Every structure is written in structure tokens, then in C-alpha cells.
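Taking it in order: structure first as C-alpha cells, then the write-up.
Along the sequence shown, residues are numbered consecutively beginning with 1. For clarity, every value in this text was computed on a predicted model and none was experimentally measured.
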Amino acid sequence: MKRFFLLIQILAILTPVTVFFGYIIMDEGDQFTAEHYMITGLSTLPFCLALLVKYLMSDIDKKPD
């Protein structure tokens with residue numbers, strides 16, 4: 001289960017990075033606008049949700065004593 005959440009975190013962190021570089025490539029290096037920053041910031045939401053789910057399910061793998 002830990003490997004699964006690690007995979008989800010890696011995939012989720014790629015989203016804002018891809019959006020950020022996608023805007024740079026599409027705008028050919030022009031200056032970012034407020035909308036660019038907003039969308040890049042909002043694209044970190046999947047990573048935050050992945051961390052939240054990992055935290056909430058962290059007790060599932062533990063064996064009871």
C-alpha cells in the first residue's frame with residue numbers, strides 16, 4: 001500500500017509541474033498572468049488530496065497488537 005501511495009504522489013506532483021512548463025512553452029516564455037499562477041496553484045490540488053488520503057489511510061497497514 002505504501003508503494004501505491006508513493007506512485008499516486010509522484011503522479012500528482014507531475015500535474016503542477018506539467019502545467020507550469022506547459023504555459024511557458026505555449027506562451028513562448030512571455031510573462032505569466034494572474035490566471036497562469038492561479039491554474040498552476042490549483043493544479044496542486046491532486047497532490048494535496050493524495051497526501052490527505054495517505055494520512056487518513058495510514059493506520060490500515062498497521063497490524064493490531
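The side-chain contact (heavy atoms from CB on, under 4.5 Å) check on Val17 picks up Phe21, with sequence neighbours excluded. By the side-chain contact (heavy atoms from CB on, under 4.5 Å) test, Tyr55 is found to be paired with no residue, residues two or more places apart in sequence or in another chain being considered. Considering only residues two or more places apart in sequence or on other chains, Leu51 meets the side-chain contact (heavy atoms from CB on, under 4.5 Å) condition with Gln9, Phe47.
Atom CG in Leu42 sits 12.5 Å away from atom OG1 in Thr15 (nearest 0.5 Å).
Hydrophobic cluster membership is shared by Ile8 and Val53, with clusters built from Ile, Leu, Val, Met, Phe, Trp and Tyr side chains linked at under 4.5 angstrom.
Taking each heavy atom of Ala50 and Ala12 in turn, the nearest pair found is CB-CB, 4.4 Å.
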